[in-house]
S.K.: 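So that we are looking at the same thing, I have put the structure below in structure tokens.
Below, chain A is the first sequence line, B the second, and so on; all start at residue 1.
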Number of protein chains: 2
Amino acid sequence: MSDLLQRLRDRGWRLTAQRRVVAEVLDGEHVHYTADEVHARATEKLPEISRATVYNTLGELVSIGEVIEVSTDGRAKRYDPNAHHSHQHLVCSRCGVIRDVRPSGDPLALLPEGERYGFTLDEATVTYRGLCPSCASA
Amino acid sequence: MSDLLQRLRDRGWRLTAQRRVVAEVLDGEHVHYTADEVHARATEKLPEISRATVYNTLGELVSIGEVIEVSTDGRAKRYDPNAHHSHQHLVCSRCGVIRDVRPSGDPLALLPEGERYGFTLDEATVTYRGLCPSCASA
DNA sequence: TCCTACATTGGACAATGTCTAAGTCAAGAA
DNA sequence: TTCTTGACTTAGACATTGTCCAATGTAGGA
């Protein structure tokens with residue numbers, strides 16, 4: 001995580017207490033919080049942090065490529081700090097838990113030339129859905 | 001489209017003017033309107049139709065599998081009447097135009113057993129992103 | 001230590017979606 | 001055809017998520 005803070009410093013970011021806290025909340029594996037969840041967790045460490053700052057900071061982290069925005073359900077966007085390893089998402093249809101997964105091969109390759117409508121392709125995002133072990137056995 | 005109306009009748013739906021109009025708006029290829037776009041178009045044919053009815057009808061069409069809900073941008077959900085042919089979506093990153101596309105092969109097959117975390121997989125939805133011909137040349 | 005440009009704050013506002021109570025009507029019954 | 005009734009529609013309040021702004025605060029260089 002100090003890696004992230006160092007990268008932010010290198011970009012000329014001012015390291016405020018608020019930004020540190022948001023960065024700390026987003027540390028870990030398989031982390032996919034909504035903005036309000038980030039705000040709730042940040043508030044535990046820094047009670048006076050505002051919603052606007054959380055949104056601002058998340059937006060900035062996304063725009064510099066340190067965090068990925070994920071929307072798996074058409075509800076609130078989620079923020080995924082695992083931005084430096086290409087991956088896709090596996091979502092439980094019942095409880096909503098999200099796992100980062102790595103497909104074998106490039107999903108882009110599955111789209112035939114005749115199905116590209118003249119587009120210049122950049123990326124393919126895949127959402128796998130199913131039941132997680134807990135939900136499947138319940 | 002009378003096919004759809006017939007299927008709805010077979011399910012015991014009351015065929016109101018409002019439901020007919022929503023069904024008509026959703027007729028066609030590569031149609032992906034937001035709820036408010038459906039409402040705007042429906043209003044042209046039936047000025048007194050309410051927003052709540054459009055939301056209700058869209059929700060019902062989705063729940064019986066006649067329409068698919070698509071969220072490609074984390075903003076408003078879009079409604080896709082092409083529910084009887086499995087397909088994925090190709091989206092222009094600049095103008096947002098959406099095309100229905102059919103990948104070769106099953107995207108599910110790309111997820112190795114070791115990356116499934118014990119989930120029972122149901123489906124994979126793929127969003128391809130790039131620039132459409134108009135945006136690429138502008 | 002002092003400046004100042006950048007960051008934060010609270011609250012208003014916007015976009016999208018959900019819910020409810022009251023009125024309306026499609027379609028089967030007579 | 002007319003009646004009846006339960007399903008449908010409506011307007012608007014409310015909820016959730018996200019954006020914007022003017023006033024205030026502060027990190028970090030001079």
S.K.: Can you establish whether the number of heavy atoms outside B:H84 located under 6.0 Å from its atom NE2 is more than 12?
M.R.: yes
S.K.: Return no unless some side-chain N or O of A:R75 is found under 4.0 Å from OP1 or OP2 of D:dT17.
M.R.: yes
S.K.: Looking at C:dA5, does its base get a donor-acceptor pair with the side chain of A:R14 below 3.5 Å?
M.R.: yes
S.K.: Given atom NE2 of B:H39 and atom C1' of D:dT10, what is their separation to the nearest angstrom?
M.R.: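 Computing the B:H39:NE2 to D:dT10:C1' distance gives 10 Å.
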S.K.: Counting distance alone, no hydrogens or angles: does the base of D:dT17 have a donor or acceptor under 3.5 Å from a partner atom on the side chain of A:R51?
M.R.: no
S.K.: DNA chain D: B:G74 or B:T57, which has the more 5' nearest nucleotide?
M.R.: B:T57
S.K.: Of the options D:dT9, D:dG18, C:dT9, whose atoms approach the side-chain atoms of B:N56 most closely?
M.R.: D:dT9
S.K.: By the 4.0 Å heavy-atom rule, please label B:A76 as base, sugar-phosphate, or nothing.
M.R.: sugar-phosphate
S.K.: Check whether any side-chain nitrogen or oxygen of B:R19 sits under 4.0 Å from OP1 or OP2 of D:dT9, and answer yes or no.
M.R.: yes
S.K.: C:dG17 phosphate, OP1 or OP2: any side-chain N/O from B:Y55 under 4.0 angstrom?
M.R.: yes
S.K.: Please give, in whole Å, the distance from D:dG28 C1' to A:L8 CG?
M.R.: 16 Å
S.K.: Could you check how far CD of A:E60 sits from P of D:dT19, rounded to whole Å?
M.R.: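 Value for this atom pair: 12 Å.
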S.K.: Separation of B:D73 atom CG from C:dT16 atom C1', in whole Å?
M.R.: 12 Å
S.K.: Mind checking whether B:H30 and B:H32 have parallel, tilted or perpendicular rings, split at 30° and 60°?
M.R.: tilted
S.K.: Check every atom of C:dG17, D:dT10, C:dG10 against the side chain of B:A35 and return the nucleotide holding the closest atom.
M.R.: C:dG17
S.K.: Which residue lies toward the 5' end of DNA chain C, B:T34 or B:A17, if each is placed at its nearest nucleotide?
M.R.: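 Upstream on the strand: B:T34.
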S.K.: Taking only side-chain N and O atoms of B:T16, does any of them lie within less than 4.0 angstrom of OP1 or OP2 on D:dT9?
M.R.: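 So the side-chain polar atoms of B:T16 do come within 4.0 Å of the phosphate oxygens OP1 or OP2 of D:dT9, strictly under.
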S.K.: Do other residues, nucleotides or ligands put more than 12 heavy atoms under 6.0 Å from B:E48 CD?
M.R.: yes
S.K.: What's the NZ-C1' distance between B:K77 and D:dG18, to the nearest Å?
M.R.: 16 Å
S.K.: Any ion pair linking B:R129 and A:E123 (charged N to carboxylate O, less than 4.0 Å)?
M.R.: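 Yes.
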S.K.: Assign each of A:I49 and B:D36 to its nearest nucleotide of DNA chain C by heavy atoms, then name whichever residue's nucleotide is nearer the 5' end.
M.R.: A:I49
S.K.: Does A:T53 place a side-chain N or O at less than 4.0 Å from the phosphate oxygens OP1/OP2 of C:dT9?
M.R.: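 Answer is yes, contact under 4.0 Å.
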S.K.: Under 4.0 Å between a side-chain N/O of A:Q18 and OP1 or OP2 of C:dT9, yes or no?
M.R.: yes
S.K.: Does the cation-pi check pass for A:R41 over A:Y33, that is, NZ or CZ under 6.0 Å from the six-membered ring centre and within 45° of its axis?
M.R.: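 Satisfied, under 6.0 Å and within 45°.
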S.K.: In this structure, how many angstroms lie between the P atom of D:dG12 and the CD atom of B:E48, rounded?
M.R.: 15 Å
S.K.: Round to a whole Å and report the spacing from CG of B:L58 to P of D:dT9.
M.R.: 12 Å
